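Accompanying notes for the structure given below.
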Amino acid sequence: MADTKREIERKYESDDSGLPDLTGVAGVAAVLDQGVAELDATYYDTVDERLAAASITLRRRTGGSDAGWHLKLPVATGVRDEIHAPLSDHVPSTLGALVRSRVRDDELAPVVRLRSTRDVRHLVDADGQLLAEVSLDAVRAERLTGGGGKAEWTEIEVELADDGDPAFLDKVEKRLRKAGVQPSESPSKLARALAETGGKGRPRKEDRAEPVTAGDHVLAYVRAQRDEIVEVDPAVRRDVEDSVHRMRVATRRMRSTFKSYRKVLDRAVTDPIGVELKWLAGELGAGRDQEVLAERITGVIEELPHDLVAGPVRNRLRAWSKARGGDSRRQIIDVLNGQRYLALLTSLDALLADPPLRAAAAGKPSKVLTKAVNKACDRLAGLVDQALDTSAGHERDVALHEARKKAKRARYAAEVAAPAFGKPASKLVSSLKDLQSLLGEHQDSVMSRAALRDLAEQAHAAGENSFTYGLLHAREEQRAAEVEEELPGVWKGMRGAVAL
């Protein structure tokens, strides 16, 4: 079973003078010698070094206190999630799954071996609590592919203690700089080893030049969504909060972009991909919708006076949520492990590598993007006006839901244009987001009422008091009515501004 820890560390260049005296660091009461360890690590990657290009490291290491397999996923500069698995001869399936969105069906093989002599010190406070671990690493790197180059260097590594204050690393760095020690130019040992031992090099990336044409802007936005899907994949597999939502939004943004910018990208290529994106969003949606409903209903229950919560309402809601959530969780993992999902990622790579551009793609953003955004806004306006003219009830609920979806499409189209138009487009995105949120509140009320009816039926069948579910249902009806009452004024205020 793999376990995870948040690793916050900094690396520094070092000569042969050893570790500077760190007893003067503010808050450090003692520097404790932990001895010397011999570490032997083999790093795994694809032939074209896809993991390294994404600043991901996967290694098998012996020696030291944490021998085993380590997968490090970047979080921010100097911050990584380190996921451990027990020592074995082959890449553990738990770790292999977490890099599958990048590796796909390719083989992971040894690319670099690093042997390090590590001299360790613990920085502790007056209570003996660990503040940080500082090590002096004498590293010997050997490339296991290509020409088999070698390199040697010495570096200082400072790793913050678990739950430590990152500001403490600034204090350590101040002392190190005062002693003449400079930050390392390499973010990791592996990155330095690859740079200094030569070999095949990094994989080719798509052109990331500053967008100039309308096509450049559309492709930059599509690429950002593809990258988001790939990058958030490990978090979805680890059930990290909000990760499913992030992946689902990326699929929706991309699919919406294909629809809004059909004059830029050829539908013959994007329509089939859009079908697959819709499938993926649907598979992800069951779990996300369940999360939203459970959180919403739980929040309302917590606001009720105790005497209005009749029967085992909270227990039934938890059981209902867990049963549905558990099923959706297994379903999502099956989807991410399936060939259909991998084929979708491959098709997105192919689209970005050889974009199916139409004539309008070469046009000026001021003309092409404006036309697409305004067309999306016109469709939105028609649907909002239609919903406002519909009598309250099921038909209006449906009309408002359709308007909400068109508000998303218009917003995403405006997001594509934002880098080209600056403040006007950003203001439009903000207005559309506000409208989408208001319409989303209405749709959440519709879905919550359906869930509450389901819960009430279950409670009644079990002989439980269903009063509270009826009360909650009435409150949701009231909230929907408030939104419907608020919407005409909101729409009137922004109606003329919904365009570029």
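None of the values given here were measured: they were computed from a predicted structure.
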In chain order, what residues pass the salt bridge (Lys or Arg N to Asp or Glu O under 4.0 Å) check against R59, with sequence neighbours excluded? none
Is the shortest side-chain N to carboxylate O distance from R314 to E302 below 4.0 Å? yes
Contacts of Y469 that satisfy ring-ring contact (aromatic ring centres under 6.0 Å, His included) - sequence neighbours left out: none
Just by modelled atom types, is the V230 backbone N or O under 3.5 Å from a matching donor or acceptor in the S101 side chain? yes
By salt bridge (Lys or Arg N to Asp or Glu O under 4.0 Å) - contacts of E477 (at least two apart): none
Decide yes or no for L487 and L435: does some side-chain heavy atom of the first lie under 4.5 Å from some side-chain heavy atom of the second? yes
Are the side chain of T213 and the backbone of A361 linked by a donor-acceptor contact shorter than 3.5 Å? yes
Rounded distance (nearest 0.5 Å) linking atom CZ of R80 with atom CG of L73: 9.5 Å
Can you tell if the side chain of L351 reaches within under 4.5 Å of the side chain of F258, non-hydrogen atoms only? yes
N374 meets the side-chain hydrogen bond (donor to acceptor under 3.5 Å, both in side chains) criterion, sequence neighbours left out, with none
Please list, chain by chain and in numerical order, all residues satisfying side-chain hydrogen bond (donor to acceptor under 3.5 Å, both in side chains) with D444, sequence neighbours excluded. none
With a 4.0 Å cut-off on N to O distance, would you call D106 and R104 a salt bridge? no
Spatial distance of atom CZ (R115) from atom OG1 (T62) [nearest 0.5 Å]: 10.5 Å
Applying side-chain hydrogen bond (donor to acceptor under 3.5 Å, both in side chains) as the test, list every pair that has at least one member in residues 257-270; sequence neighbours left out. R267-D271
Residues that E241 engages under salt bridge (Lys or Arg N to Asp or Glu O under 4.0 Å), provided they are two or more places apart: none
Not counting sequence neighbours, which residues clear side-chain hydrogen bond (donor to acceptor under 3.5 Å, both in side chains) with E476? List them please. R296, S445
Under a 3.5 Å threshold, yes or no: a donor from one side chain and an acceptor from the other, between R143 and T197? yes
Under the ring-ring contact (aromatic ring centres under 6.0 Å, His included) test, residues paired with H70 that sit two or more places apart: H84
Is any side-chain heavy atom of K11 closer than 4.5 Å to one of S186? no
Could you check whether K5 pairs with E7 (Lys NZ or Arg NE/NH1/NH2 to Asp/Glu carboxylate O, under 4.0 Å)? no
What residues, two or more places apart in sequence or in another chain, satisfy side-chain hydrogen bond (donor to acceptor under 3.5 Å, both in side chains) together with D434? none
Check whether any side-chain N or O of R396 sits under 3.5 Å from a backbone N or O of T390 as a donor-acceptor pair, and report yes or no. yes
So, R237 side chain and A97 main chain: donor-acceptor pair closer than 3.5 Å or not? yes
When rounded to the nearest 0.5 angstrom, what distance separates CG in L51 from OG1 in T46? 6.0 Å
Who passes side chain to side chain contact (heavy atoms under 4.5 Å, CB included) against V249, sequence neighbours left out? H245, R253, Y412
Main-chain N/O of S426 paired with S430 side-chain donor or acceptor, under 3.5 Å: no
Using a 6.0 Å cut-off, check whether atom CZ of R379 has over 12 heavy atoms from anything other than its own residue. no
Working to the nearest 0.5 Å, report the span between CZ of R479 and OG of S448. 11.5 Å
Ionic contact status for R475 with E303, cut-off 4.0 Å: yes
Side chain of D349, backbone of T346: donor and acceptor closer than 3.5 Å? no
Going by the rule salt bridge (Lys or Arg N to Asp or Glu O under 4.0 Å), which residues pair with R100 if we only count those two or more places apart in sequence or in a different chain? D105
Please report the interatomic distance CZ(R409) to CG(L380), rounded to the nearest 0.5 Å. 11.0 Å
Working to the nearest 0.5 Å, report the span between CG of D239 and CZ of R329. 4.0 Å
